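In what follows, a structure is listed as structure tokens, so that the remarks can point back to it.
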Amino acid sequence: MIEYNEVTKVFGKDVRAVDNVSFKVESGDIVVLLGPSGCGKTTLLRMVNRLESITEGNILVNNQRIADLNEIELRREIGYVIQSNGLFPNMTIEQNVTIVPNLLGWDKEKKEERYQYLMNLVGMDPDDYRKRYPHELSGGQQQRIGVIRALAADPPAMLMDEPFGALDPIIREKVQDEFLAIQRELHKTVLFVSHDINEAIKMGDKIALLRDGKLMQYDTPANILQNPANDFVAQFVGQDRTIKSLSIHYIEDLMKHKQLNETTDQKFSKQVPVNMNLRDALGNILESDEKEVAVTDENQKVIGSIDFSLISQYVSELSQ
Amino acid sequence: MNSQKVITWTVRVFIYFLVIAFFYWTIKNQYFSYIFENIEQFKVLVIEHLQIVGLSSAMAILVSIPSAILVTRPKFKRLEGIVSTVANFGYTIPNMAILALMMGVLGIGFKTAVFALFLYSILPIYRNTVAGIHSVNPNLIDAAKGIGFKPHQILFRVELPNAAYAIIAGVRTAVVINIGATALAYLIGGGGLGNWIFMGIKVFDDSILLSGAVTVTLLAVITDYLLRGVERLVVPKGTKRS
């Protein structure tokens, strides 16, 4: 758990990079620090492992004031991932991955076991890559190594500073999905800096939206999209915020509130699985000839159909 | 084969041809016979030469690398301007002049030669080490800090390994220049192969002159080659650009 208490950071005389920010990151949550460049999100992140000093206020990690902790030990207990992966070019992949266990003085077998586990976690062959160097890997692979290096000593918390920002969109999607799958297994407390609203909606359990060092809104992605706290938030999430919000709701969610249309003997040109999000479902509806698509369950059995009016009704119910 | 390769090869073949022609000419005229007639003196001069080079280079490495490390520490950043200015100024004085100046202060002899050449070797090593450390990607330092490296671990595990190529390059330059400059040590009674070179010039004897000059050249070439080997050992594999 990470808690910000009235945290302020002043650069020089009067540049308030972070201005009286308070919020709490619950254990096992991913919180995305979101905002335009220069809003103080990276500064806010780097205060947690004391790469930046705090001018006023304090930060608690697991109920301990970080100011009272040893800086080096604190950092070793918090995973840290940066945009340009920060892998050490002079070290092999194995050395990079096991660097923190090394610093902590783990024995050889434990390190090896951990190395095998982590490489398998991101689907890279431990032995193939063991003796390779970072520059021999693709950008996506380097970033995966960057993530598992941060996970190496199994820290309860992770700080990620635009970790996937340098990747091309297709690889980014993939690495994001992988990270979410890992997170479902490991339940780390994650602070994640991003300037991309779509990434924030996808990755965050909660989003902290910042502007000029001030916290504008701290809420779940769904609430931020449906009830923006002010004009800035509304503008930042965009006029298509309703469409964006569809991507965090699934056909399954809709079925909890509404009945799917009945399909007696009608045939539809398109079928979508029940675990598809509503944004993709809407795309399929618009593409289909009938402007309606069949919904199938896990066993590929058609359980009904969905069309635009159904989604529209669901959305208006949500915003009430 | 692209044009760049063709040029490289042409130049290379041309140089090899010149070298072979040179040795053919010198050996045919028995210019190197002087070495074999004075083999004992030759040994003494070579050893003297190598001692001056070895001692002055070793001292220069021991002084310049640590001072370069020192001025790149955040705490001592302010010193960098001063130290670099002094080192740069020192390097603008011609090596001949440094020898003369040192003779004025320390008198003549072996020690003066070593000291003057030591001073002259400091800058290339110092400057390359500073540049090498500065060129290490700041993201790496940031990552290392964030991971929980202590300052000395950042230095020895991140900065120095990634700056190794530049540092060794500086050492190579300094030592090779030093071998040539040591020929001047004779002028202040420092000994070395400069003895034969200057004697050869004075008595118009190509045989003595070349016996000294070619040996100095060979020493420089061989040393450079050996230091390349050291480079291969010291520079981490992952930081080499193919």
Side-chain angles (χ1 to χ4, degrees), chain A residues 42 45-52 69-104 131-137 142 145-146 149-153 155 157-163 166 191, chain B residues 65 68-69 72-75 77-78 128-172 227-242:
Chain A
T42 295
L45 179 93
R46 289 164 59 89
M47 284 167 147
V48 176
N49 62 1
R50 289 179 53 186
L51 288 171
E52 297 282 358
L69 300 171
N70 176 295
E71 173 175 279
I72 301 291
E73 281 165 27
L74 171 77
R75 288 174 187 164
R76 288 179 184 174
E77 281 162 23
I78 300 177
Y80 185 52
V81 188
I82 57 178
Q83 176 171 0
S84 57
N85 71 62
L87 297 183
F88 303 120
N90 54 311
M91 299 182 195
T92 61
I93 298 306
E94 184 185 20
Q95 288 168 330
N96 265 293
V97 171
T98 56
I99 189 79
V100 182
N102 232 331
L103 293 174
L104 295 171
K131 296 280 172 254
R132 312 260 302 259
Y133 286 90
H135 72 92
E136 299 173 78
L137 270 54
Q142 289 184 9
I145 301 295
R149 181 177 68 178
L151 287 167
M158 301 241 296
L159 305 176
M160 306 179 83
D161 190 355
E162 304 215 18
L191 260 183
Chain B
I65 295 184
I69 291 171
T72 49
R73 295 312 92 196
K75 270 188 204 165
K77 232 176 189 165
R78 282 184 204 162
N128 269 42
T129 308
V130 170
I133 291 175
H134 278 322
S135 71
V136 175
N137 184 343
N139 281 324
L140 293 183
I141 315 270
D142 187 61
K145 261 192 214 164
I147 278 172
F149 277 52
K150 293 175 182 155
H152 71 270
Q153 290 168 327
I154 296 181
L155 174 66
F156 287 108
R157 298 200 191 189
V158 181
E159 289 181 295
L160 289 183
N162 287 296
Y165 185 83
I167 297 172
I168 302 285
V171 172
R172 256 174 68 193
L227 287 174
R228 251 174 232 239
V230 174
E231 177 186 296
R232 226 162 280 151
L233 287 178
V234 173
V235 178
K237 223 175 130 199
T239 63
K240 280 174 205 157
R241 303 276 170 264
S242 53

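The structure displayed is predicted, hence computed values, not measured ones.
To the nearest 0.5 angstrom, A:L103 atom CG is 5.5 Å from B:R157 atom CZ. For the atom pair CZ (A:R76) and CD1 (B:I147), the distance works out to 10.5 Å, reported to the nearest 0.5 Å. Annotation: the span from A:E136 atom CD to B:K237 atom NZ amounts to 7.0 Å, rounded to 0.5 Å. Distance CG/A:N90 to OG1/B:T239: 6.5 Å, rounded to 0.5 Å. Rounding to the nearest 0.5 Å places CG of B:L140 at 7.5 Å from CD1 of A:I82. Rounding to the nearest 0.5 angstrom, the gap separating the CG atom in B:N137 from the CZ atom in A:F88 is 10.5 Å.
When the candidates A:E71, A:R132, A:R149 are compared by the number of heavy-atom contacts under 4.5 Å with chain B, A:R149 comes out ahead.
Exactly one residue among A:L51, A:N49, A:I72 makes a side-chain contact (heavy atoms from CB on, under 4.5 Å) with B:K145. That residue is A:L51.
For a residue to count as touching a neighbouring chain, one of its non-hydrogen atoms must lie under 4.5 Å from one of that chain's; by this rule B:A144 touches chain A with backbone and side chain alike. Using a 4.5 Å cut-off between heavy atoms, A:R46 contacts chain B through its side chain alone, with no backbone atom that close. The contact between A:L87 and chain B is made entirely by backbone atoms, counting heavy-atom distances below 4.5 Å. Only the backbone of A:I78 has a heavy atom closer than 4.5 Å to any heavy atom of chain B.
Shortest non-hydrogen contact noted between A:H135 and B:G238 is CD2-O, 3.2 Å. Nearest heavy atom pair, residue B:A143 against residue A:G86, reads CB-O, 3.7 Å.
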